[in-house]
Amino acid sequence: MKQPLHALVLQAFAELTRQAILPADLAAPAFVIERTRSREHGDFACNLALLLAKPARCKPRDLAEKLVAALPANDVVDKVEVAGPGFINFFLGAAAYHAEVARVLDEGDAYGRNTRGAGRTVGVEFVSANPTGPLHVGHGRGAAIGDSLSRLLAASGWNVKREFYYNDAGVQIANLTLSVQARARGITPDDAGWPEKGYRGDYIAEVARAFLDGATVTADDRKVTANGDVEDSDNIRAFSVAWLRREQDQDLKAFGVDFDVYFLESSLYADGKVAETVDLLTRHGHTYEKDGALWLKTTDFGDDKDRVMRKSDGTFTYFVPDVAYHLSKWQRGYRKAITELGADHHGSLARVKAGLQALDCGIPKGWPDYVLHQMVTVMRGGEEVKISKRAGSYVTLRDLIEEVGRDATRYFLIARKGDSQLTFDIDLARSQSNDNPVYYIQYAHARVCSVLRQAEEKGFTFDQAHGLHNLSRLDSEHEQALMVELSRYPEIVETAAAALEPHLLAAWLRELAQAFHTYYNSHQFLVDDAAVRDARLALVVATRQVLRNGLDLLGLSAPDKM
RNA sequence: GCGCCCGUAGCUCAGCUGGAUAGAGUAUUGGUUUCCGAAACCAAGGGUCGUGGGUUCGAAUCCCGCCGGGCGCACCA
């Protein structure tokens with residue numbers, strides 16, 4: 001794969017220059033070469049002189065001048081200037097951007113991909129909702145973030161495994177089973193015999209009905225037929241879990257999200273992983289018995305208090321399978337693993353990491369990476385909708401997809417940094433759906449398609465090679481700006497993937513669309529001069545390609561018409 | 001009380017591995033179409049970047065205190 005843009009080239013330049021000028025006994029400061037905010041400062045700026053000024057005991061501007069003088073000649077950089085307090089500004093030549101447009105068209109769907117991951121495997125765990133009810137907005141946020149993150153990592157060369165971890169046998173599932181069983185017996189939530197902590201939602205009645213009807217459900221990872229026997233808890237449990245898993249699968253598919261692995265908590269018990277974990281922890285002397293329970297000294301590994309592993313009744317706390325599950329990831333070869341979860345679970349981070357350290361099996365301290373998203377507040381009719389599974393008051397992901405649309409919902413949930421709280425105003429999202437930025441971006445894509453349709457109607461045939469050959473005819477401010485924007489795409493992909501922050505891509509796509517719309521409004525593309533026309537079409541088709549690539553990484557469609 | 005996250009324009013939010021005059025959408029006001037889709041474009045007004053210190057040549061960005069909001073602090077999952 002070719003070197004992404006010029007940043008790396010420039011970096012090499014600065015390195016050469018630094019070596020030429022820096023006294024041998026001085027340590028190299030960590031300078032950066034980055035995009036400038038305004039074009040008057042050129043395309044890239046370097047802060048090396050500012051950082052070097054103190055150790056070298058020189059004025060930064062003088063140093064900058066010396067650095068510039070030492071720069072080797074090259075054909076990418078057109079002009080170098082010293083500016084402000086001592087920045088070195090690089091102005092790229094037009095040819096560099098023309099080459100980038102050609103590269104977009106040449107690489108097509110592959111444009112913007114990089115080899116950072118170099119075929120290594122990363123396990124990305126997200127959603128991981130227990131099958132006790134439909135997915136809600138919070139799960140949607142996790143799904144949008146986790147899935148886009150996975151796509152970004154895949155675009156960075158990683159072999160991505162998407163995992164969904166769920167509990168099919170614990171207390172909550174027992175509770176689900178009791179609820180369905182009660183419904184099957186004709187007991188409703190307000191009746192006397194209703195389970196104390198039963199799930200009250202209407203969907204429970206649906207499951208019960210289907211169970212009595214002897215229905216068969218097929219989820220992504222299991223298939224169960226009901227026998228209709230109200231006394232058969234095992235069958236009710238299996239059927240209910242399958243039913244809710246199927247519901248979740250449907251919602252996730254409608255949302256454009258797929259998983260490679262469904263991992264059952266019960267399997268950790270079944271194949272001895274829990275026992276192995278307890279054994280490892282005990283053998284390494286990190287446990288002790290107190291009050292009839294088995295404790296892990298997580299405080300030795302940064303937790304704020306020790307944790308119970310095995311309760312006095314002999315069962316394990318959820319913390320143990322959590323550690324066992326991560327151990328399984330490590331043993332399955334995920335040297336990089338990402339766990340995406342809602343902020344209401346962040347409390348488990350410290351103890352799971354402590355548990356993994358206590359295993360003494362070579363897991364590095366910082367493993368795995370965690371990506372947290374803060375809570376989503378849902379507003380409807382000017383009021384906050386309280387989400388409660390038991391009460392059955394609920395805004396499901398399905399509702400949102402149906403009411404607001406898949407793309408708009410995904411964009412809304414992905415466009416903001418995960419660690420800020422999110423207010424999802426349903427009325428706003430519905431009534432102003434046309435103002436949702438996702439349509440603005442998609443419209444740019446559709447517009448290019450429309451231009452090409454028009455070109456055909458008018459009898460113009462687009463000659464791409466001819467257009468690329470004449471890119472030098474594109475010298476207006478708007479054309480320059482659009483080319484600069486296009487060339488940033490590979491950098492954005494790399495940055496967003498490295499920072500595990502897909503919202504950076506969402507924000508940038510809007511900027512790209514804006515640059516395009518501005519261009520569209522200021523220039524006629526289908527002009528009689530074939531050289532100019534083909535050049536403009538080449539630029540615009542390249543823009544469409546990058547929009548498409550970017551939208552795809554966010555799991556959004558790129559419509560030809562809207 | 002302890003821990004994590006957040007506090008930037010009326011509203012929703014970017015920017016935060018320190019950098020050159022603080023950005024966008026939306027809302028408000030005014031303009032743009034005999035011409036490729038006006039789901040668009042252009043322009044104006046609107047900010048003590050919660051607050052007080054500190055580090056630095058330079059702080060919205062890093063550190064500490066305080067104020068305000070969210071989430072979590074079980075032998076629940």
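Convention: sequence-line order gives letters A, B, ...; per-chain numbering from 1.
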A.B. asks: For C41(B), does OP1 or OP2 lie under 4.0 Å from any side-chain N or O of Tyr440(A)?
C.D. replies: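 Answer yes for this pair, as a side-chain N or O of Tyr440(A) is under 4.0 Å from OP1 or OP2.
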
A.B. asks: When the C1' atoms of C76(B) and G52(B) are compared, how many Å lie between them, rounded to an integer?
C.D. replies: 42 Å

A.B. asks: Under 4.0 Å, counting only non-hydrogen atoms across every strand here, what does His478(A) touch: a base, just sugar-phosphate, or nothing?
C.D. replies: nothing

A.B. asks: Could you spell out the base pairing of RNA chain B as a dot-bracket line? Use Watson-Crick and G-U wobble contacts where both distances are under 3.5 Å, [ ] for crossing pairs, | for partners on a different strand.
C.D. replies: (((((((..((((.....[...)))).(((((.......))))).....(((((..]....))))))))))))....

A.B. asks: Round to a whole Å and report the spacing from NE2 of His517(A) to P of A24(B).
C.D. replies: 16 Å

A.B. asks: Considering only the C1' atoms, how many Å lie between A59(B) and C16(B), rounded to the nearest integer?
C.D. replies: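 Pairwise C1' distance, A59(B) against C16(B), rounds to 10 Å.
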
A.B. asks: Go through G37(B), C41(B), C36(B) for me and flag the one nearest to the Lys561(A) side chain.
C.D. replies: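 Nucleotide nearest to Lys561(A)'s side chain: G37(B).
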
A.B. asks: At under 4.0 Å between heavy atoms, what does Thr423(A) touch on the DNA or RNA strands: base, sugar-phosphate, or nothing?
C.D. replies: sugar-phosphate

A.B. asks: Rounded to the nearest angstrom, tell me the gap between atom OH in Tyr411(A) and atom P in C13(B).
C.D. replies: 14 Å

A.B. asks: Quick one: which of U12(B), G37(B), C41(B) gets closest to the side chain of Gln514(A)?
C.D. replies: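 Per side-chain heavy atoms of Gln514(A), the pick is C41(B).
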
A.B. asks: Donor-acceptor pair, Arg536(A) side chain versus Gln524(A) backbone, under 3.5 Å?
C.D. replies: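 Yes, the answer is positive, given that a donor and an acceptor are paired below the 3.5 Å cut-off.
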
A.B. asks: Look at all strands and tell whether Glu40(A) reaches a base, only sugar-phosphate, or nothing, counting heavy atoms closer than 4.0 Å.
C.D. replies: base

A.B. asks: Any carboxylate oxygen within less than 4.0 angstrom of a Lys/Arg side-chain nitrogen, looking at Arg310(A) and Glu289(A)?
C.D. replies: yes

A.B. asks: Counting distance alone, no hydrogens or angles: does the base of A20(B) have a donor or acceptor under 3.5 Å from a partner atom on the side chain of Asn47(A)?
C.D. replies: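 Check fails, no donor-acceptor contact within cut-off.
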
A.B. asks: How would you label the contact of His41(A) with the nucleic acid (heavy atoms, under 4.0 Å): base, sugar-phosphate, or nothing?
C.D. replies: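 Base, at least one base heavy atom under 4.0 Å.
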
A.B. asks: RNA chain B: Arg510(A) or Gly84(A), which has the more 5' nearest nucleotide?
C.D. replies: Gly84(A)

A.B. asks: Generate the contact string for nucleotides 72-77 of chain B. Rules: B means base contact, S means sugar-phosphate contact only, - means no protein heavy atom under 4.0 Å.
C.D. replies: SSSBSB

A.B. asks: I want to verify a distance call: between C13(B), C36(B), A38(B), whose nearest atom is closest to the Val451(A) side chain?
C.D. replies: C36(B)

A.B. asks: Side-chain donor or acceptor of Gln454(A) under 3.5 Å from a matching atom on the base of G37(B)?
C.D. replies: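 Donor-acceptor pair under 3.5 Å: no.
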
A.B. asks: In this structure, how many angstroms lie between the C1' atom of C11(B) and the CZ atom of Arg416(A), rounded?
C.D. replies: 11 Å

A.B. asks: Are the side chains of Leu452(A) and Arg544(A) in touch, meaning some heavy atoms are under 4.5 Å apart?
C.D. replies: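 In contact.
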
A.B. asks: Surrounding CD of Glu456(A) (heavy atoms of other residues, nucleotides or ligands, distance under 6.0 Å), is the total greater than 12?
C.D. replies: no

A.B. asks: By nearest atom, which of the nucleotides C6(B), G37(B), G70(B) is closest to the Ser450(A) side chain?
C.D. replies: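 The nucleotide sitting nearest to the side chain is G37(B).
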
A.B. asks: Please walk me through it: do Arg488(A) and Glu485(A) pass salt bridge (Lys or Arg N to Asp or Glu O under 4.0 Å)?
C.D. replies: CA-CA 5 Å; Arg488(A) 289 182 60 198; Glu485(A) 212 56 66; 3.1 Å; yes

A.B. asks: Say you pick atom C1' in U61(B) and the same atom in G18(B); how far apart are they, in whole Å?
C.D. replies: 6 Å

A.B. asks: Which nucleotide in the set A14(B), G70(B), C6(B) lies at the smallest distance from any side-chain heavy atom of His503(A)?
C.D. replies: A14(B)

A.B. asks: Check every strand shown and say whether Leu504(A) touches a base, only sugar-phosphate, or nothing at a heavy-atom separation below 4.0 Å.
C.D. replies: sugar-phosphate

A.B. asks: If the threshold is 4.0 Å, N to carboxylate O, is there a salt bridge linking Asp322(A) and Arg351(A)?
C.D. replies: no

A.B. asks: Taking NZ, NE, NH1 and NH2 as the nitrogens, is one of them in Lys329(A) or Glu163(A) under 4.0 Å from a carboxylate oxygen of the other?
C.D. replies: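 A salt bridge is absent here (no side-chain N lies under 4.0 Å from a carboxylate O).
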
A.B. asks: Nearest heavy atom decides the nucleotide; on that basis, is Met375(A) or Pro85(A) closer to the 5' end of RNA chain B?
C.D. replies: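 Its nucleotide being nearer the 5' end, the pick is Pro85(A).
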
A.B. asks: For Tyr520(A) and A40(B), do the ring centres fall under 5.5 Å apart while the planes stay under 30° apart?
C.D. replies: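 Here the ring of Tyr520(A) and the base of A40(B) are not stacked, as the 5.5 Å and 30° limits are not both satisfied.
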
A.B. asks: In whole angstroms, how far is the P atom of G37(B) from the OH atom of Tyr443(A)?
C.D. replies: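 The answer, rounded to whole Å, is 8 Å.
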
A.B. asks: With sugar-phosphate meaning primed atoms plus P, OP1 and OP2, does Asn89(A) contact a base, only sugar-phosphate, or nothing at under 4.0 Å between heavy atoms?
C.D. replies: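 Base contact.
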
A.B. asks: Check every strand shown and say whether Thr518(A) touches a base, only sugar-phosphate, or nothing at a heavy-atom separation below 4.0 Å.
C.D. replies: sugar-phosphate

A.B. asks: Does G15(B) have OP1 or OP2 under 4.0 Å away from a side-chain N or O of Lys417(A)?
C.D. replies: yes

A.B. asks: Using atom P in both nucleotides, what's the gap between G15(B) and C2(B) to the nearest angstrom?
C.D. replies: 30 Å

A.B. asks: How close do Leu356(A) and Leu327(A) get, heavy atom to heavy atom, and via which atoms?
C.D. replies: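 Closest pair (atom of Leu356(A), atom of Leu327(A), distance): CD2-N, 4.1 Å.
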
A.B. asks: Could you measure between the two P atoms, the one in G19(B) and the one in C63(B), and give it in whole Å?
C.D. replies: 14 Å

A.B. asks: How far does the P atom of U29(B) sit from the matching atom of C5(B), given to the nearest Å?
C.D. replies: 42 Å

A.B. asks: Should the heavy atoms of other residues, nucleotides or ligands under 6.0 Å from CZ of Arg548(A) be counted, would the total exceed 12?
C.D. replies: yes

A.B. asks: Pick base, sugar-phosphate or nothing for Ala499(A), based on heavy-atom distances below 4.0 Å to the nucleic acid.
C.D. replies: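 If one applies the 4.0 Å heavy-atom cut-off, Ala499(A) turns out to touch nothing in the nucleic acid.
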
A.B. asks: How far does CG of Asp303(A) sit from CZ of Phe301(A), to the nearest 0.5 angstrom?
C.D. replies: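 Rounded to the nearest 0.5 Å, the CG-CZ separation comes to 11.0 Å.
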
A.B. asks: Among Glu479(A), Gln514(A), His478(A), whose side chain to side chain donor-acceptor pair (under 3.5 Å) with Tyr519(A) holds?
C.D. replies: Glu479(A)

A.B. asks: For the residue pair Pro85(A) and Leu50(A), establish whether any side-chain heavy-atom pair is separated by less than 4.5 Å.
C.D. replies: yes

A.B. asks: Pick base, sugar-phosphate or nothing for Ala350(A), based on heavy-atom distances below 4.0 Å to the nucleic acid.
C.D. replies: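 Here Ala350(A) touches no strand at all.
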
A.B. asks: I want to check one thing: is the phosphate of A38(B), taken as OP1 and OP2, less than 4.0 Å away from some side-chain N or O of Arg447(A)?
C.D. replies: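 Answer yes for this pair, as a side-chain N or O of Arg447(A) is under 4.0 Å from OP1 or OP2.
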
A.B. asks: Between A14(B) atom C1' and Asp419(A) atom CG, what is the distance in whole Å?
C.D. replies: 13 Å

A.B. asks: Check the distance between U61(B)'s P and Glu34(A)'s CD and give it to me in whole angstrom.
C.D. replies: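 Taking CD of Glu34(A) and P of U61(B), I get 17 Å after rounding.
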
A.B. asks: Would you indicate whether the side-chain heavy atoms of Tyr166(A) and Val241(A) approach each other to under 4.5 Å?
C.D. replies: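 Answer yes - side chains close enough.
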
A.B. asks: Grab the NZ-P distance between Lys353(A) and C4(B) for me, whole Å please.
C.D. replies: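 My rounded result for the distance is 14 Å.
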
A.B. asks: Using the C1' atom on both, measure A27(B) against C71(B) and round to a whole Å.
C.D. replies: 31 Å

A.B. asks: Can you check the distance between A9(B) and G25(B), where both ends of the measurement are the P atom (answer in whole Å)?
C.D. replies: 16 Å

A.B. asks: To the nearest Å, give me how far apart CZ (Phe412(A)) and P (U26(B)) are.
C.D. replies: 14 Å

